[in-house]
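To start, the structure itself, in structure tokens.
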Amino acid sequence: MITTSVFDLFKVGPGPSSSHTIGPMKAAYDFLLEIRNSADAARGRKVEIHLFGSLSATGKGHGTDRAIVGGLLGWLPDTCDPKALLELGNDAHTLPVSDASITTAAGEIIYHRGKTDFPHPNTMILKLTDGAGNILLEHEYYSVGGGFIQRKGRPVEGTRDTEPRFPYENMESLKKQLAASGLSLPKLMIENEKSLTGLSEREINHRLDFILEAMEKAVKRGLRGKGLLPGTIRLQRKAPKVYEQAKSHSLTSDSFLMFLNAYCLAASEENAAGSIVVTAPTSGASGVFPGLTYLMKHHFHYSPQKMRDGLLVAAAVGFLVKHIASISGAEMGCMGEIGTASAMGAAMLTYAAGGAAAQVEAAAEIGIEHHLGMTCDPIGGYVQIPCIERNAMGAVKAYNAYLLAMASDPSYQKISLDSVLKVMRATGRDMSQKYKETSEAGLALSMTEC
Ligand code: SF4
């Protein structure tokens, strides 16, 4: 049964990676709370940080080191200052724990290489030690994708005991709930959100508007962005130039795609720069949605309600992927991130254009189907190449999936969303670890860094 909240999926926080930045920051914050509640806190002197799997392989480029120190300093993704996060450096910092002098430093993080037996490839272990190096407190955390975390021995964050008003676990059962209730998909999502979170419809709408606004801000900032992105690749921002070209080509048939490209690149470049973005479903894929929502608002002039409904429909697809397969690049490669974003975007566009539930399903299925097997091999461990352009490509595919779904009779659709998600899960399991956020193969080896 799916008990995830829409606001567990769409989260505001600093880039560049939900599983490497947002998740680890939340895990570190959880550890800080544990220290504060520990009877041994006063004897603590240091927090040791151990990273494994993909967190170890690409954690540096993804800002995991700074995110963990930030979390141990009491910062949280949705309220932290991204600039302060970038400036944390390698020096030791003192944790905000009263009557104790406990330090930690990004420069002292221990990166464990090689294969591990942990239940998830994104694993971190935090240890509080005393002056003699004795362990006073230790917890193991998994960053399971999209900024969701799990502490060993506990359920994945966002798993609730409360049953939603209309429970479902796959597209088939969701369609049955829709038919039995007579509700539209967004209305059903609202009812579930109310029962899971206790929020009123008004509060849910308010939060959806906040998410849409955060996406719009990321695009606007990115369109004005200048210079090089952080890191050793020395990648130049492209969005402002593409935007200028789009405006100068506004009377040509290319302009529509150029505008969409510019918006997606803008938000993705903001993510790569460590600015505030929205996980949709992850930070690496946080350019697909803002590109599409910017287009829907500023080119199609969709109403605020239509935009909210679109987000809710997209969330339903995101939940299904997360529940049946995974949205984690470390488990699925890029099909888990851009593939999911593209399928969610296709569903949103289809619903907003008046598509029926069967067409929404077809659009999401097409979106996933044409990302199956897509690898994750970011150069230098930075969420830049191929990630930034891939967001634009994911949005274009979302648009085409919507067009294909709207143009055909959904009863001719041979593959269901549930079937393709099972294939996605199997493909992710079969994929070599080298292509799952480790930067050990593929494009990651194709460029010599200087
Ligand atoms: S290649 Fe895809 S999955 Fe990998 S870091 Fe980039 S956006 Fe994320």
Side-chain angles (χ1 to χ4, degrees), residues 13-24 53-64 67 120-122 143-148 218 229-231 233 235 264-265 267-274 277-291 318 321-322 325-345 367-368 370-398 424 427-428 431-447:
S17 165
S18 42
S19 56
H20 287 62
T21 316
I22 294 179
S54 139
L55 285 186
S56 167
T58 55
K60 271 246 164 252
H62 284 54
T64 308
H120 195 279
N122 285 333
S143 182
V144 299
F148 289 85
L229 291 168
I233 304 178
L235 190 66
C264 294
L265 293 178
S268 300
E269 286 171 358
E270 280 300 287
N271 177 61
V277 292
V278 180
T279 61
T282 63
S283 303
S286 62
V288 174
F289 254 74
V321 181
K322 183 170 158 37
S326 165
I327 57 170
S328 164
E331 284 186 296
M332 296 282 124
C334 203
M335 70 175 155
E337 297 205 12
I338 297 289
T340 307
S342 193
M344 290 166 64
I368 288 289
H370 301 288
H371 284 91
L372 285 174
M374 184 182 270
T375 56
C376 165
D377 45 7
I379 292 182
Y382 294 101
V383 191
Q384 298 181 8
I385 305 174
C387 320
I388 294 172
E389 287 177 1
R390 191 164 282 177
N391 274 270
M393 296 301 290
V396 170
K397 277 197 197 179
M424 180 182 182
T427 309
M431 194 185 274
S432 163
Q433 204 59 37
K434 290 194 290 186
Y435 295 102
K436 293 197 273 193
E437 235 172 14
T438 57
S439 290
E440 287 173 355
L443 277 178
L445 303 185
S446 70
M447 195 189 101

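Every number for a ligand or one of its atoms is a count from 1 in the order of the listing. Values below: all heavy atoms of this structure, side chains included; hydrogens, waters and symmetry mates excluded.
Of all non-hydrogen atoms in Ala272 and Leu229, the two that sit nearest each other are CB-CD1, 4.0 Å.
With hydrogens and angles ignored, the 3.5 Å screen pairs a side-chain donor or acceptor of Thr438 with a backbone N or O of Gln433. A donor-acceptor pair under 3.5 Å links the side-chain atoms of Asn391 to the main chain of Val288, judged by distance alone.
Counting only residues at least two apart or on different chains, no salt bridge (Lys or Arg N to Asp or Glu O under 4.0 Å) pair has a member in residues 432-447.
Under the 3.5 Å distance criterion, with hydrogens and angles disregarded, a donor-acceptor pair is assigned to the side chains of Ser54 and His20.
Atom 6 (Fe) of ligand 1 has Cys387 SG as protein N, O or S atoms under 2.8 Å away.
The line from CD1 of Ile338 to OG of Ser268 is 7.0 Å long, rounded to the nearest 0.5 Å.
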